[in-house]
Each structure stands twice: as C-alpha cells, then as structure tokens.
Amino acid sequence: MSFYITTPIYYVNAQPHLGHAYTSIVADVACRFKRLCGEDVRFQTGTDEHGDKIVEAAAKAGDSPQAFTDRISDLFRQAWPLLDVEPDTFIRTTEPRHISTVQAILQQVYDQGDIYLGSYSGLYCKGCERFLTEKELIDGNCPDHQTPPQMISEQNYFFRMHKYQEWLIEHINNHPEFITPERYRNEVLAFLADPLEDLCISRPTSRLTWGIPLPFDNRFVTYVWFDALINYLTGIGYPDGPDFARYWQEATHLIAKDILKPHAIYWPTILKAMGLTPFHCLHVHGYWNVNETKMSKSIGNVVRPGELVKEYGVDAVRYFLLREMSFGLDASFSTESLVARQNSDLANDLGNLFSRALTMLNKFANGRVPEPATPEAGDQELTAAAQRMLADYTAQMERFSFNRALQAVWEVIGLANRYIVVNAPWELAKNPDLAPRLATVLYHLAETLRLLSLVLQPIMPATAAKMSAALGITETPNLVSQGRWGLSRPGTLLTLGPPLFPRRDKEGEQKPPATVKENPAAARAKNAAAPTPAAGTVEQITFEDFKKIDLRVAEVVAAERVEKSTRLLKLTVKAPEERTIVAGIAEYYQPEELVGRQVVIVANLKPAKLMGIASQGMVLAAKGKTATGETLVLAGVSGQMPPGSRLS
Ligand code: ME8
C-alpha cells in the first residue's frame, strides 16, 4: 500500500509558528504511523511564494521578492528538523519544475475550452487575494481581515468551475472519506447547495507581476491559488514521473479549516477538468489559539516552535499538540497546560513506569528479560488491555483521532503502574519460593514497555528510540510483525538509561537539583517519626487543637533519592494538588515501591527546607521495634480513597 500526505505550502509572508508546526507534525506522525504499518510513504511540504501578499511583505522588509522568498522559505525548511518532522520533498512554487507544470496544465485546460476570457466586477480583498461575495461580508468588511474589500472591474480569465459542480456533489456524497471530519464535509455540501460561480484564475500584470505568466496571454499572471494547489502534483513528478503513478491515487491533503474552500471545491474541480481522479481525502483540523486568544503578531502572542522545543524538548511538544487538540476542533495553547501534561502524563505516568520497571528488572532479574511462568488473572488482565490498546490505537490513528489513540495508550500505562503496586515485585523478591511469580510479573512489565515503545514511535520518535534501546530491541519498529503480545525474548539484555522526562515546576522551570548539605539534626527533627513515648505520657489536647491538623490522603506520583543523603526521599504527592514532601524514610523504602501508593500527610505543616528542597508537609509513619529490629511503616488508609480526602 502507498500513502502520500501533504501539508499546505505555507506563505512566506510570515515565519513558522505553532499553527504551521501543528500541521507539519500531524503529517509527520501520520507518515511515521503508516511506515510503522509497513506502507510505502511519501510526505511533501513546501512554501507558497507568489502573489500580492508576498510582494507587500518583501517591500516592507526592503527586499526583492526573490531574495525575500529565498530567505523565508529557508526558515521553514530549517524549522522541520527541530521538530523531528522529516518530509521527503520540500517544494517551492518559484521553482522552474513547478512553473512549467502550472503552465502546461493551464494550456491543457484552456485548449479544451474550460478557461475563457471574461470581464468581472467584484469586491476584492487584498488580504485574501480573492473576490468576495456580498454574502461573505460582515458589516461590509472581509470576515478574515476586518477591512472593506475594494470594488474592482477588469478583464480576466475564468475557469469553468460551475460545469463540475454536480459531479463534485455526487463525488462527495459517494465518498464519505473524501472530506473529514464530517462537520467540514457538511460545510462544503451546504456551500454547494447554491450555484457555484466560475473561478477567476488570472491577475492582470498591470496589478501584479510576481506570478506565473499565463502561457496563452502574457498580459496576465496566474491567480495564486490555481498556481499553489498544483504543487501537490509537481512534487511527485506529474505527469509522467514514476512517483506520480505510485502515489497520486492515495493522496491525502492535510489543512486547517481556513483553506477548506480552495481545497474542497477549487482543487477537485480543477483535477476533474484535467481528467485526473481527485485526491483520496482531505483531513481538516481546527485552529490553535493561545491562552484562548487568536494568535496574532499585533497581540504579540505568536508561539514559535523553535523556542518551545528548546525549552520543553521536541517530544513533549509533539505529544502535547497531538494529545491536547481534538482533531477538527479548535484548541488553546498555554505553557501551563504543556507543563501540566509533561509532569503528569510524561514524567509521572510514562516516565515512572519506565524507570520503575527497568530498575526492578535490573535489580531482580539481573538486567535481562526473565522467562515467565504461567500467568495469573492480573497478568492476563494486563495482556488483554495491551491487546485492546493495539487495536484501538490503530483504528484511531487511521482516522486521525490522535488524542483518542493516546488516551488508549495511557490507559495501559495507568494499568501497568497499578500492576506494579498490586504485585509488589520487591515483596516477591524477598521469598525465593516466589521466584517464578516474580519472573512472570517482570516479564509482563517488559512486554508492556516493548509494546508502548512501538505505539509511541510515530508521536515521540526520540523517546520511543530510547525505550527500545533500553529494552535491547534491535529490529526496525513494525506494528504488523511486532504489534503482538509475547514477542519479548527471555534473556534479552536490558540497559538502564536516564529518566525519559524531567519534571518541571509550575512556571515551567526544570526542578533544580538539591545543592544544600543536609543538616541531620534538622532533618531528624522535622521528618523522622518521633521516638515512641509510652502511651499515656503525651500531653492531652482538645478537639479544637486536633482540628487544626489537616490530615489528608495523598497519592505518591514520583519518588527519588535526595542526592548525598542516605535518609531522605523526595516525594511528589497528589492531595489533590501536587506538592513536594521530603521524608526521612530512605532506609526503609525504595523509591520505586512508593509510586502509586496512598499515604497520610500533615498537609498544613509549615514548609521547611531540607537539603535545599522545600518540603510542603509531612508523611506519617509508625516507627517501632519488632523482632527483626527497628522498623518504620508508612501510615495509610485501608481502602483506595480520592487523593486529598480529609482524615478526621
Ligand atoms: O494558506 N492553527 O498558507 P498559510 C492551526 N499558502 N493551524 C494553523 C494556524 C493556527 N492558528 N495558522 C496556520 C496558505 N495554520 C496557503 C496554502 S496550499 C496549496 C496553499 C496552518 O501560510 C494550517 O495548516 O496561511 C493552515 O491551513 C495553514 O497553516 C495556512 O498556512
């Protein structure tokens, strides 16, 4: 099977921003997914360089149009590697191969009588570079640019678009996949309910010279949209290159809602007039706003992808954009929501699962995939969930529902984290008779991680590569041959790598490592459970006194050793907001056995700094002597409770 996906070719009057980055990342993810499924893939992007808008922007910058387009086009070309976006072709509409293809197509359609000279009076919007209909205006202004269009009367060439209207309606009705999501298909059909006007496809050279000359009348240049849409053919070698025959049938165009009409109406009718089959499908996504506001240079809230990547890392940005936008609807970007997703989904859920599982495989299975024994019900539940995920993920990715695909993946991540808590491998490790059980649990974890690295590959290629390297996987990822439970080979050597994602604080800063030396006396006083006085010797308090202590159920979402301390663990707990608590329990608990566990905290204890880390509360524990010596056990509640539940 072949797959050909295109992004819009972006205008060079603006520099790459979040919106361009999103479309290009989606195209890249779709390509990587198809490649993962073993398909023959081609991905094209590029820049749209003719027209009034470009001439104006070049003049503003004090450049010639050519020098200006060379410069900005290069900025787009350089933006993609930063985002791990890897197109096969980058096309520019000022390239000779494109210009000659556009002229050949114009000549063909003109010769067959589908382009004619007419005169036109109409309301022209310079920003849109097209004539607007009265119906489109809002209070006399262009709805997109909020400026009044100019009345222009001139001779021009027209494409007989109207002739193909009935065919187009029928084609859309017969091919439900032609325009998706459905809301945009309905929008196009509603528009086609009224008669289509023919499309003006020229501009007189008296008004514009920065365009492709009409081959049959050099007093005119080509209207920028007729020129631009044809890039989708030029880039694959239309009419007789082998790539055209190989890919055109499967052409998938990806756009945002702003350019629905040229793609859903102009383009298929032009293709029909040329005698070509239309593209396979058009996927339309919504708009990114920033903090609920339209992104615009004048407001000064334009988000630059290069800066985001530098700050948060490429995979966190790719993950966030795909997870946060429901494909087809608008979404709002904010650094707070990016940081929240990075902490909860990436550092806590995925990152913790990965590092806990690998640490335990390292410690309890000599760093190799163990040989599993007969699975029990809990193991089978994890297996079944992973298998369901594979099916669900594949179906959702096929229909560009990336957020749903990721939801399916995160359900398994959550389940696997709970599986660790329930099966407590560190307890199993204490009893040699339970070695087969321990091996089975660890095998299930290794196998879950292997499948996760596979499905995450299109979305976070760098992270997936780190995961599979740690798991000792050497094969090129392939969903068809490797997307099944049970393919991890016992004996495979594993490597323990650095954490996948750093946690960040709310402002987006990475958390600083502890630098201040531990003051053992202070730490003991504030953190260890107090020495046990005999019952009855403690001062009595009133109920009012007791009510001042805010005891809460808290869930540990991350745990790590405090550098240079043998006693302290730094815990991140949810109660329900996240907070950091430094606890003197390192001699009794391993960090990996705490994550997912519910503890009881004093939530209103005055914050204190320990080893330079601000501790916001105290974890309750019982300390005492048992037959085996002094021990400490964390306090908990006897059933699962929502984090933040108050104890009274
Ligand atoms: O329209 N949210 O180029 P363009 C999401 N040259 N996506 C956005 C966005 C936002 N806020 N802003 C832009 C053109 N985009 C023509 C295309 S194709 C033959 C010619 C993305 O630079 C989205 O993909 O204005 C949108 O369709 C495209 O950039 C428009 O890019």
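Note that ligands are numbered from 1 as they come in the structure, with each ligand's atoms numbered from 1 the same way.
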Which is closest to atom 13 (C) of ligand 1 in terms of heavy atoms, H17, K53, H253?
H17

May I ask you to identify the nearest protein heavy atom to atom 15 (N) of ligand 1, giving residue, atom name and distance to one decimal place in Å?
G19 C, 3.7 Å

Can the ring centroids of F43 and F3 be said to lie less than 6.0 angstrom from one another?
no

So for ligand 1, is Y11 a polar contact partner (N or O within less than 3.5 Å, distance only)?
yes

Closest to atom 16 (C) of ligand 1 among N289, I259, I9 (heavy-atom distance)
I9

Shortest heavy-atom approach to atom 26 (C) of ligand 1 - which of D258, L18, V284:
D258

Checking side-chain polar atoms at under 3.5 Å, does Y110 have a donor or acceptor matched by the opposite partner on D217?
no

Residues, nucleotides or ligands: over 12 heavy atoms within 6.0 Å of N174 CG
yes

Verify the distance criterion only: is there a donor paired with an acceptor across the side chains of T23 and H285 at less than 3.5 Å?
yes

Between ligand 1 and W288, is the shortest N or O to N or O distance under 3.5 Å?
yes

Based purely on interatomic distance, does T23 place a nitrogen or oxygen under 3.5 Å from a nitrogen or oxygen of ligand 1?
yes

State whether the number of non-hydrogen atoms from other residues, nucleotides or ligands found under 6.0 Å of F191 atom CZ is greater than 12.
no

Inspect the surroundings of CD in Q107 and state if more than 12 heavy atoms from other residues, nucleotides or ligands are less than 6.0 Å away.
yes

